[in-house]
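This report refers to the structure that appears directly beneath it.
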Amino acid sequence: MKPWAVLLLTFLSCTGLHAREAAPGVEAKIRGMQALPGFLPLHWDGKQGKLYMEVPRFNEEMIYVTSLVTGIGSNDIGLDRSQIGRERIVFFERVGPKVLLVQPNYGFRADSTNPDERRAVEESFARSVLWGFTVEAESDGRVLIDVTDFALRDAHGVIGVLKSTQQGTYTLDAGRSAVHLPRTKGFPRNTEIEVTLTFATDDPGRFMRDVVPTPEAATVRQRHSFVALPEPGYVPRASDPRAGFFGIAYADYAAPIGGPIVKRFIARHRLQRKDPAAPAGGAVEPIVYYLDRAAPEPVRSALLDGARWWSRAFEAAGYRDAFRVELLPEGADPMDVRYNVIQWVHRATRGWSTGNTVIDPRTGEILKGHVLLGSLRVRQDILLAEGLLAPYTTGDESSAGAEKMALARLRQLAAHEVGHTLGLAHNYIASAQGRASVMDYPHPLARLSPDGSIDLAGAYAEGIGGWDEVAIQYGYQDFPAGSDERAGLEAILAGARRRGITFLTDQDARPDGGSHPQAHLWDNAPDAAAELERMMKVRRAALDRFGETAIRRGMPLATMEEVLVPLYLHHRYQVAACAKILGGQDYTYAMRGDGQVPLLAVPAPDQRRALKALIGTLRPSELVLPRAVLQRLPPRPFTFEPHRELFRKYTNPVFDAVSPAVVAAQLTVEQILQPERAARLVEQAVLAPELPGLGTVVEALVEATFGGPPADAYEAE
């Protein structure tokens, strides 16, 4: 071959290789793909099963949220439909042929105009690179990346949850996973990528076997949401522990050296009056919530009613038509960040409801309220009412009283969970202050009528309470330009205290160690001991009337036990409330200068009355079941298998007449001897000898257990 020919071939081969190595233009790369325009444009290659994303801007922050669209269906596992994950601030960073998805560290900041000061903080704490992409095509400032592998991963952490709940060692099966195109969409201010993921194992756990058709292969859908930062104009509001808002906190290294380094701001929606200087007026843009169309009637109407209670609180804060609740438009995507939603979620077993949010981590602004309501809650409330009312005289009638109570509870539940998505924390002292808040956990208030029947007419309160109005005023009240916002907020809280309305939350109310005598879960009344004694009378009256009238005609008699269990344990939460009086400390979230009394020991007479009430629950006469009940409870029939919401039977398959007493007695004794409570009893007697000590409590417990003659052999056992 001629030398010039060799040179020509070499030149042509080199230029061809260079052409193959250079990234193609975006238009050429996406030709024939399905375009999904939006905030971050997407392109779907159906032949290859690949999803591409255009990155229109680098180093521009946005919010990234992961979520679980379809659930496992087990409350024990806790992976539910429409479960919102963690929100993050992220941005795309170009580094040569790579594109990095970077999460800056907003936990440590310098709120300063000095760039050197800000840079020092940024360089002192690590940031996180969440993913690395390779540039697939670029032209005219447009950069295309392949996001398929990024999307088809366990971003929500399903594998970890299944492992921690001992449901098996699952792995993601890429061969049975794919992009879910119907819900992969783009909008002007958000882009949604949804994927179908299959998790496989050869050792599925019990809960997975209960709910997954083939538990060795559990398939769910997950969502990646990229959301534009909200428009400027939101003004963060300072947090105050007395106000009852959750929110954000970060360390500000530009703070004056004599001041606190940690800054705290409440979480709240953006809401502004059209005229902030006016005492009342319309909102620039109202807060709108949308109810899941899957909620059936009469549930749907109850949920709409309860959620709408909050409009009254906003009116009290000076807004007109600032809060609305409507049905979700047909075809709308409830996972879309543009919608505040209330969703109706099913599980195989009853469980909690939740009120979650998507928050701007920089400021605390709530971008999306996301409520999940467990559908079995209403059925449990009907079960509670059936045990108290025994409403089925003939067995064929419906129970208007039971349904009325259950729907009243649903209204309260909807208001409670929406309250969380408005920024509010639990207020567990509210039940002792005249049902002052829907952010408490209410127990159905059952009253004993003169004829021995149970009255549930006022089982649950209607409407929001006084505390709810106070909290919304604190979080959403507009203050005219030039006014002292801090003084205005302090005046709101001071006015509430003068009315006897305050705030205490989870850390003060939980039965495993809480010491405040009025902050409880599922309790009623300001005096927990008196309420326990009253509740025991209601319980005994209902037990004495209990029988076939608690179930409908055609149901196996053995199913009376489902109704019996919550009735027999009707007092269990009030026991926990009463026990907190022992060694109790009455306190507030006092701030220097606000005039509150920070701490007082519960007086000795109150502690002794509480101990007496608790001991009363251990009397054999309170623990026995009526003989008529025992004579009408046969073993479980065929196809009605035992389950975990029944009493344990040492006499299986026959109903055990003693094991319910074991459960009830254990509830009381464990509360009395709770370790931190026992330690407080020891210390209070040392510091104030007039207060009962642990020895006094143990002596009373021993006397109640072994002293006094039983009425018969059943009581003796």
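It should be emphasised that the depicted structure is a prediction, and the values quoted were computed from it without experimental measurement.
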Inset, instruction - For K185, look at atom NZ and say whether over 12 heavy atoms of other residues, nucleotides or ligands are found less than 6.0 Å away. - result: yes
Legend entry - Between CD1 on residue I266 and OH on residue Y474, distance to nearest 0.5 Å: 6.5 Å
Legend entry - Short side-chain to backbone donor-acceptor contact, R209 and P204, under 3.5 Å: yes
Inset, instruction - Please test D111 against Y250 for side chain to side chain donor-acceptor pair (under 3.5 Å), starting from the C-alpha separation and ending with a verdict. - result: CA-CA 11 Å; D111 288 344; Y250 61 89; 2.5 Å; yes
Inset, instruction - Using a 4.5 Å cut-off on heavy atoms from C-beta on, say whether the side chain of L424 contacts that of W310. - result: yes
Legend entry - Reported CD-to-CD1 distance for the pair Q477 and I492, which is rounded to 0.5 angstrom: 5.5 Å
Legend entry - Basic-acidic side-chain contact under 4.0 Å: E365, R268: no
Legend entry - Polar contact flag, side-chain donor to acceptor under 3.5 angstrom, D173-T198: no
Inset, instruction - Output yes when D252 and K263 qualify as a salt bridge under the 4.0 Å nitrogen-oxygen rule, no when they do not. - result: yes
Inset, instruction - List in chain and number order the residues that pass side chain to side chain contact (heavy atoms under 4.5 Å, CB included) with A332, two or more places apart in sequence or in another chain; answer none if no residue qualifies. - result: L328, P329, Y339
Quick one: side chains of residues 61-68, donor-acceptor pairs under 3.5 Å with protein atoms, not counting sequence neighbours, listed by atom name and distance.
| from | atom 1 | to | atom 2 | distance (Å) |
| --- | --- | --- | --- | --- |
| E61 | OE1 | Y106 | OH | 2.7 |
| E61 | OE2 | Y106 | OH | 2.9 |
| Y64 | OH | R153 | NH2 | 3.0 |
| Y64 | OH | H224 | ND1 | 2.8 |

Inset, instruction - Please report the C-alpha distance between E485 and R237 in whole Å, then the side-chain angles of each, then the deciding distance to 0.1 Å, and finally whether the salt bridge (charged side-chain N to carboxylate O under 4.0 Å, His left out) criterion is met. - result: CA-CA 9 Å; E485 179 175 308; R237 177 156 292 178; 3.2 Å; yes
Legend entry - With F246 via ring pair (Phe, Tyr, Trp, His ring centres under 6.0 Å) - residues at least two apart: none
Inset, instruction - Ignoring hydrogens and angles, tell me if any N or O in the side chain of Q222 forms a donor-acceptor pair with the backbone of A155 under 3.5 Å. - result: yes
Legend entry - Polar side-chain atom of E54 near backbone of I145 as donor-acceptor pair, under 3.5 Å: no
Legend entry - Side-chain heavy atoms of R94 within contact of V135, under 4.5 Å: yes
Legend entry - Intermediate values then yes/no, salt bridge (charged side-chain N to carboxylate O under 4.0 Å, His left out), R338 and E192: CA-CA 11 Å; R338 296 175 298 171; E192 311 292 322; over 6 Å; no
Inset, instruction - Kindly indicate whether the side chain of V69, heavy atoms from C-beta on, has any atom under 4.5 Å from the side chain of R81. - result: no
Legend entry - ring pair (Phe, Tyr, Trp, His ring centres under 6.0 Å) between F91 and F58, worked out: CA-CA 7 Å; F91 60 85; F58 290 101; over 10 Å; no
Inset, instruction - Flag this pair as yes if the NZ/CZ of R270 is under 6.0 angstrom from the six-membered ring centre of Y234 and inside a 45 degree cone about the axis; otherwise no. - result: no
Inset, instruction - With rounding to the nearest 0.5 Å, note down the distance linking CD1 in I366 to CD1 in I359. - result: 5.5 Å
Legend entry - Heavy-atom pair of closest approach, residues D321 and P286: O-CB, 3.5 Å
Legend entry - Atom pair CG/OG1 of L197 and T70 - distance to nearest 0.5 Å: 9.0 Å
Inset, instruction - Taking all heavy atoms of I77 and all of T165, pick out the closest pair and write down the distance. - result: O-CG2, 3.9 Å
Legend entry - Side-chain heavy-atom pair T421, Y289 within 4.5 angstrom cut-off: yes
Inset, instruction - Not counting sequence neighbours, which residues clear side chain to side chain contact (heavy atoms under 4.5 Å, CB included) with Q507? List them please. - result: T505, Y589
Legend entry - Point-to-point distance, once rounded to the nearest 0.5 Å, from OG1 of T148 to CE of M53: 10.5 Å
Inset, instruction - Spell out, as yes or no, whether a donor-acceptor pair under 3.5 Å connects the side chain of T196 to the backbone of R221. - result: no
Legend entry - Under 3.5 Å: donor-acceptor pair, side chain of R347, backbone of W352: yes
Inset, instruction - Kindly determine whether Y290 and V288 satisfy side chain to side chain contact (heavy atoms under 4.5 Å, CB included), including the steps that lead there. - result: CA-CA 7 Å; Y290 295 94; V288 183; 3.6 Å; yes
Inset, instruction - Using modelled atom types only, decide if a donor and an acceptor are shared between the side chain of R88 and the backbone of P104 within a distance under 3.5 Å. - result: no
Inset, instruction - With side chain to side chain donor-acceptor pair (under 3.5 Å) as the test, would you mind laying out the steps for N75 and T349 before giving the verdict? - result: CA-CA 6 Å; N75 187 68; T349 53; 5.1 Å; no
Inset, instruction - Would you mind reporting whether S225 and T191 have side-chain heavy atoms less than 4.5 Å apart? - result: no
Inset, instruction - Kindly determine whether T169 and T201 satisfy side chain to side chain donor-acceptor pair (under 3.5 Å), including the steps that lead there. - result: CA-CA 6 Å; T169 305; T201 188; 5.7 Å; no
Legend entry - D146 vs K29, salt bridge (charged side-chain N to carboxylate O under 4.0 Å, His left out): CA-CA, chis, key distance, verdict: CA-CA 11 Å; D146 182 348; K29 179 70 174 178; over 6 Å; no
Inset, instruction - Given side chain to side chain contact (heavy atoms under 4.5 Å, CB included), test R109 with Y253 step by step and report yes or no. - result: CA-CA 6 Å; R109 314 182 197 177; Y253 285 83; over 6 Å; no
Legend entry - Heavy-atom side-chain proximity of P361 to I248 below 4.5 angstrom: no
Inset, instruction - Just jot down the ring pair (Phe, Tyr, Trp, His ring centres under 6.0 Å) partners of Y428, sequence neighbours excluded, or say none. - result: H426, Y441
Inset, instruction - For atom CG of D140, decide whether the heavy atoms of other residues, nucleotides or ligands shown that lie under 6.0 angstrom number more than 12. - result: no
Inset, instruction - Under the ring pair (Phe, Tyr, Trp, His ring centres under 6.0 Å) rule, collect the residues that match up with Y476, sequence neighbours excluded. - result: F314
Inset, instruction - Answer yes when R119 and E117 have at least one side-chain N-carboxylate O distance shorter than 4.0 Å, and no when they do not. - result: no
Legend entry - L181 and Q34, any side-chain heavy atoms less than 4.5 Å apart: yes
Legend entry - Any S82 side-chain heavy atom under 4.5 Å of D80 side chain: no
Inset, instruction - Sort out for me which residue in V325, N340, V418 forms a side chain to side chain contact (heavy atoms under 4.5 Å, CB included) with I287. - result: N340
Inset, instruction - Drop me the distance from D305's CG to R300's CZ, to the nearest 0.5 angstrom. - result: 13.0 Å
Inset, instruction - Using atom types as modelled and distance alone, determine if a side-chain donor or acceptor of N190 lies under 3.5 Å from a backbone N or O of F226. - result: no
Inset, instruction - Taking D45 for its side chain and K50 for its backbone only, find out whether a donor-acceptor pair lies under 3.5 Å. - result: no
Legend entry - Expected output: side-chain H416 to main-chain V438 donor-acceptor under 3.5 Å: yes
Inset, instruction - Using a strict cut-off of less than 4.0 Å between a Lys/Arg side-chain nitrogen and an Asp/Glu carboxylate oxygen, indicate whether R127 and E93 qualify as a salt bridge. - result: yes
Inset, instruction - Identify whether NZ of Lys or CZ of Arg in R273 sits under 6.0 Å from the centre of the six-membered ring of Y319 and within 45° of that ring's axis. - result: yes
Legend entry - Salt bridge R142-E27, side-chain N to carboxylate O under 4.0 Å: yes
Inset, instruction - Kindly say whether L162 contributes a backbone atom to a donor-acceptor pair with the side chain of Q167 at under 3.5 angstrom? - result: no
